[in-house]
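So that the names make sense, note that chain A is the first sequence line, chain B the second, and so on, each numbered from 1.
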2 protein chains.
Amino acid sequence: MSDLSGLRERKKARTHEAIQEAALRLFRTQGYEATTVEQIAEAAEVSPSTFFRYFPTKEDVVIHDALDPLLFASFAEQPAQLSPIQALRASMAAVFGALSPDQLALEFERQDLIVGVPELRARMLDDLATTFRGFAEALAARVGRPADDLAVRAFAGAVLGAGIAVWLTASQGEEVSVFMKEFDAAMAYLDDSGLRL
Amino acid sequence: MSDLSGLRERKKARTHEAIQEAALRLFRTQGYEATTVEQIAEAAEVSPSTFFRYFPTKEDVVIHDALDPLLFASFAEQPAQLSPIQALRASMAAVFGALSPDQLALEFERQDLIVGVPELRARMLDDLATTFRGFAEALAARVGRPADDLAVRAFAGAVLGAGIAVWLTASQGEEVSVFMKEFDAAMAYLDDSGLRL
DNA sequence: TATCCTACTGATAGTCTCTCTCACTTAACT
DNA sequence: AGTTAAGTGAGAGAGACTATCAGTAGGATA
């Protein structure tokens, strides 16, 4: 993937970063819709063509989620005696706990941007459909059942659905940690109410 | 809203219908992306300007869900002794049971189109976020708790999430009734596993 | 060091969704 | 019949995104 050796690769990485930084800065100050790709390109000192070479759409500058793979990895590493929901709570705590305050603040700013812009929110939710499939597979592996098992799908959907519901209703300009707390409480509620796989 | 009295209103309703029919026919034969608004307008014998006067975006021709309000109404009418999930199952059965085979076929064709086109799928999922809020309120009213109660939100999200999960993984070109059966089975699973409000 | 080759880039032109404005027509009301 | 308000079409234009093509700079080779 990313060689990092060679001037070419380093330059590419720098351009990628420059575009992303310029874009997020402009989004923050002007708003998402009010910012054109042309402005981003100019601020990052590249041509509009180059913008689209690095990001297939304007949305992608914001959407890309670095935490997702970390969560999956952490989930897979949780001890087998934990229930699926307990394992999820533990991995959330582990991944977010490992973030620096700066990273956490940036992540939540990104979340607010996504929740606030319909275009981005829709795109994010669609991406979560993919996340759902991955989660269903991880669950299936954990309990030794096929991933297309109805109970596995329903359980995965229920857990993810509850999480999204909390995300959509809690993260709107709230304190940084509110979402985390409510997410955990919602998961505890599902667990306590007897939802099992 | 729709008076239906007066030539003006009738003409408007006819134009709305003509555009929608032309659009869906073209989408079916050419595909969604391959069909331009200009083509739809021409087929419906209106100007492109008029298209956007009736539908704010190209997506909206497909997205608008006539069943949603029916479901909410039916849900509200279910006897109080039914659990929320039982009430939901009953209203699904009632609303879909009242559809003619033609209506049912059209509805499922619409669903397939939405599931298959990323743009539409994303938009639909975002609209479901609004549906979620309505559902949470209906639930809250049913159990006599505030709608922003965490358990209410988590429960609503879990139920809706399981439903969406089944929808996304079952309705892809399957038999018409597969989604209905799996949806009902998923709800039964949630109920049986002890999920309560 | 000189020379290819390949990657990346910028410029240009074009498509399509969607917005806005303006003039024209036609339904509805007095 | 005359007036008002609503619906329509035409046109210009913004902005996201695509395709093409020529120029250029990195990286390998002699």
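- Note on ring orientation: taking the six-membered ring where Trp is involved, the planes of His16(A) and Phe55(A) are tilted (angle from 30° to 60°).
- Annotation: side chain of Thr50(A) is in contact with side chain of Arg53(A) (closest heavy-atom distance under 4.5 Å).
- Stem analysis of DNA chain D (at least three stacked-register Watson-Crick or G-U pairs, each with both distances under 3.5 Å) gives C:1-6 with D:25-30, C:8-30 with D:1-23.
- Atom CD1 of Ile40(B) is separated from atom P of dC16(C) by 12 Å (rounded to the nearest Å).
- When rounded to the nearest whole Å, the span between NE2 of His16(A) and C1' of dT9(C) equals 17 Å.
- Rounded to whole Å, atom P of dA11(C) lies 13 Å from atom CD of Glu45(A).
- A salt bridge links Arg153(A) with Glu182(B): at least one charged nitrogen is closer than 4.0 Å to a carboxylate oxygen.
- Because its glycosidic torsion is within 90° of 0, dA7(C) is reported here as syn.
- Across all strands shown, Tyr54(A) has heavy atoms under 4.0 Å from sugar-phosphate atoms exclusively, and none from any base.
- In the set dA7(C), dA16(D), dT9(C), the nucleotide with an atom closest to the side chain of Val37(A) is dA16(D).
- Put simply, CD on Glu119(B) is 9 Å from P on dT17(C), counting in whole angstrom units.
- Considering only the side chain of Arg8(A), dA7(C) comes nearest among dT9(C), dC17(D), dA7(C).
- With Thr169(B) contributing its side chain and Ala165(B) its backbone, the two residues share a donor-acceptor pair below 3.5 Å.
- Straight-line distance from the CZ atom of Phe55(A) to the P atom of dC17(D): 13 Å, rounded to whole Å.
- Here the side chain of Phe52(B) is nearest to one of dC18(C), dC17(D), dG9(D), namely dC18(C).
- No donor-acceptor pair closer than 3.5 Å links the side chain of Glu59(B) to the backbone N or O of Leu120(B).
- Between Lys11(B) and Pro48(B), the residue whose closest nucleotide on DNA chain C is further toward the 5' end is Pro48(B).
- For Arg53(A), counting side-chain heavy atoms from C-beta on, the closest listed nucleotide (dT18(D), dA25(D), dT9(C)) is dT9(C).
- A distance-only check finds a donor-acceptor pair linking the side chain of Arg110(A) to the backbone of Ile63(A) [under 3.5 Å].
- Atom C1' of nucleotide dG10(C) and atom CD of Glu38(A) are separated by 13 Å, given to the nearest angstrom.
- If you take CZ of Arg14(B) and C1' of dT26(C), they are 14 Å apart, rounded to a whole angstrom.
- Closest non-hydrogen pair, Leu197(B) versus Tyr189(A), comes out as CA-OH, 3.8 Å.
- Side-chain atoms of Lys12(A) lie closest to dC8(C) of the nucleotides dC8(C), dA19(D), dG9(D).
- Atom CD of Glu59(B) and atom C1' of dC16(C) are 14 Å apart (whole Å).
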Tell me which donor-acceptor pairs under 3.5 Å the side chains of residues 137-147 of chain A have, and how far apart each pair is, sequence neighbours excluded?
unit_1, atom_1, unit_2, atom_2, d
Arg142(A), NH2, Pro79(A), O, 2.7
Arg142(A), NH2, Leu82(A), O, 3.4

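- Minimum atom distance to the side chain of Thr36(B) is reached by dT17(C), of the listed dC17(D), dG15(D), dT17(C).
- Distance from the side chain of Ser49(A) is smallest for dT12(C) among the nucleotides dT12(C), dC18(C), dG9(D).
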